[in-house]
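All residue numbers refer to positions in the sequence shown, counting from 1. Keep in mind that what you see is a predicted model, and the values were worked out from it rather than measured.
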Amino acid sequence: MNGLFYFSAMRKWLDQLFTFTRGERNGIVVLVFLCLFAFVFRYAYFYFKPVEHFNNSEHDKEVNEFLAEYNSKNGQPEPQEQHVSTDTAHEVGYRKSDSEPYTAKPRNATSLKLDINTADAEEFEKLRGIGPVISKRIVKFRILLGGFAAVEQLKEVYGLPDSTYRHIKTQLVVGSQAPTHININTASYKEFKAHPYFRDNAKLIEAHRKQHGDFKQVSDLKNVDGVTDSTYRKMAPYATVE
């Protein structure tokens, strides 16, 4: 009897739960229709949306004008109108990256010497192959590091081709200005995380310091689990225990 009673009560509860008025049924139908319409419209929009074509004519004209100027300076015949790939531009010392325009550099650009710790973005643009985007990235990377310790660090700047770096490296110097140091005995996790060379090992350095006490010397960073020799060589010029 008890089982029959519970079954009857459950059935009555379910009937009440799933019984809708005429207005509620109409509302559910409308809601389902709107959901289906939104789903179909989304795919129909992208299917029938016209494809936008990019016009490369202005870009090709600009590149060909540059090559004409470059070849005339080097005693070569002026090329016929043609499409020039980015790789060709790299070979002659110019590049197009991140929408940077091909810009003719001064004849005496190779005699330019830049201190990479004091030069601003405009000065970096005087180098062949360096446009406004890359020059700003160099300055931003320098700020994050706290200064450059070696010219080779420019190879780590995103978007700077190795071919361009090899072309300009003889024009770059590191002046007497020393990079900013991080005291590895007092720096917080946040400070480690803000530095490009310490951020991946921030937690490990902090944990090692808590477990073993202060670092006696910078080379003790090599004892931190996860710090490889190559990582240590990058961190060392920026670390101090004083």
Side-chain angles (χ1 to χ4, degrees), residues 59 62-76 84-183 187 191-200 218 229-240:
H59 168 267
E62 185 179 351
V63 174
N64 283 297
E65 287 176 354
F66 152 71
L67 285 179
E69 179 183 352
Y70 175 83
N71 290 330
S72 65
K73 291 178 180 178
N74 289 272
Q76 299 179 11
V84 181
S85 68
T86 303
D87 292 337
T88 303
H90 285 174
E91 292 174 3
V92 295
Y94 289 73
R95 60 185 297 272
K96 186 173 181 64
S97 173
D98 304 296
S99 301
E100 294 179 25
Y102 292 94
T103 307
K105 304 298 180 179
R107 286 177 177 267
N108 61 351
T110 55
S111 63
L112 182 68
K113 289 290 184 180
L114 283 185
D115 182 342
I116 60 175
N117 273 332
T118 58
D120 58 23
E122 291 184 357
E123 289 178 295
F124 280 114
E125 287 185 52
K126 296 177 182 178
L127 298 168
R128 283 191 176 183
I130 304 296
V133 174
I134 298 300
S135 63
K136 290 176 182 177
R137 286 181 185 169
I138 294 173
V139 174
K140 182 177 180 180
F141 186 51
R142 182 179 68 196
I143 293 172
L144 291 174
L145 288 174
F148 290 110
V151 170
E152 289 76 14
Q153 289 174 279
L154 258 69
K155 293 191 291 185
E156 300 176 41
V157 175
Y158 174 73
L160 178 63
D162 185 63
S163 58
T164 301
Y165 167 75
R166 291 198 305 269
H167 182 79
I168 66 174
K169 65 179 181 180
T170 56
Q171 300 171 248
L172 308 175
V173 296
V174 177
S176 59
Q177 181 175 323
T180 303
H181 290 93
I182 293 179
N183 189 327
E191 289 176 286
F192 284 129
K193 200 67 177 174
H195 197 285
Y197 293 160
F198 290 85
R199 63 165 58 116
D200 292 338
V218 172
D229 288 341
S230 60
T231 301
Y232 167 73
R233 286 194 294 270
K234 287 185 176 183
M235 292 190 295
Y238 296 91
T240 182

Can you measure from CG (Leu172) to NZ (Lys113) and round to the nearest 0.5 angstrom?
8.0 Å
Worked verdict on Val173 versus Val151 for side-chain contact (heavy atoms from CB on, under 4.5 Å)
CA-CA 6 Å; Val173 296; Val151 170; 5.6 Å; no
What pair of heavy atoms forms the shortest contact from Glu152 to Tyr165, and how long is it?
CA-OH, 3.4 Å
Provide the closest heavy-atom pair for Ile134 versus Ile130 in the form atom of the first, atom of the second, distance.
CG2-CD1, 4.0 Å
Which salt bridge (Lys or Arg N to Asp or Glu O under 4.0 Å) pairs, counting each pair once, include a residue from residues 162-183, with sequence neighbours left out?
Asp162-Arg166
Starting at OG of Ser135, measure out to NZ of Lys140 and round the result to the nearest 0.5 Å.
13.0 Å
Minimal heavy-atom distance between Phe148 and Ile116, with the atoms involved, is CD1-O, 3.4 Å
Rounded to the nearest 0.5 angstrom, the OG1-CG distance for Thr180 and Leu144 is 11.5 Å
Would you call Asp200 and Thr231 a side-chain contact if the rule is heavy atoms closer than 4.5 Å?
no
Taking Leu160's backbone N and O only, do any of them form a donor-acceptor pair with Arg137's side chain (distance below 3.5 Å, no angle check)?
no
For Asn183, enumerate each residue passing the side-chain contact (heavy atoms from CB on, under 4.5 Å) test, keeping only those at least two apart in sequence or located in another chain.
Asn185, Thr186, Thr240
A side-chain contact here means heavy atoms from C-beta on lying under 4.5 Å apart; do Asn117 and Val174 qualify?
yes
Nearest heavy-atom approach of Arg199 to Ala194 is NH2-O, 3.9 Å
Give me the ring orientation class for Phe198 and His195: parallel if the planes are under 30° apart, tilted from 30 to 60°, perpendicular past 60°.
perpendicular
Nearest 0.5 Å, please: how far is CG in Leu154 from CG in Leu127?
9.0 Å
Considering all heavy atoms, the nearest Tyr238-Ala149 contact
OH-N, 3.4 Å
So which atom in Phe141 and which in Glu156 form the shortest heavy-atom distance, rounded to 0.1 Å?
CZ-OE1, 3.8 Å
Report yes if some heavy atom in the side chain of Pro132 is under 4.5 Å from a heavy atom in the side chain of Glu125; otherwise report no.
yes
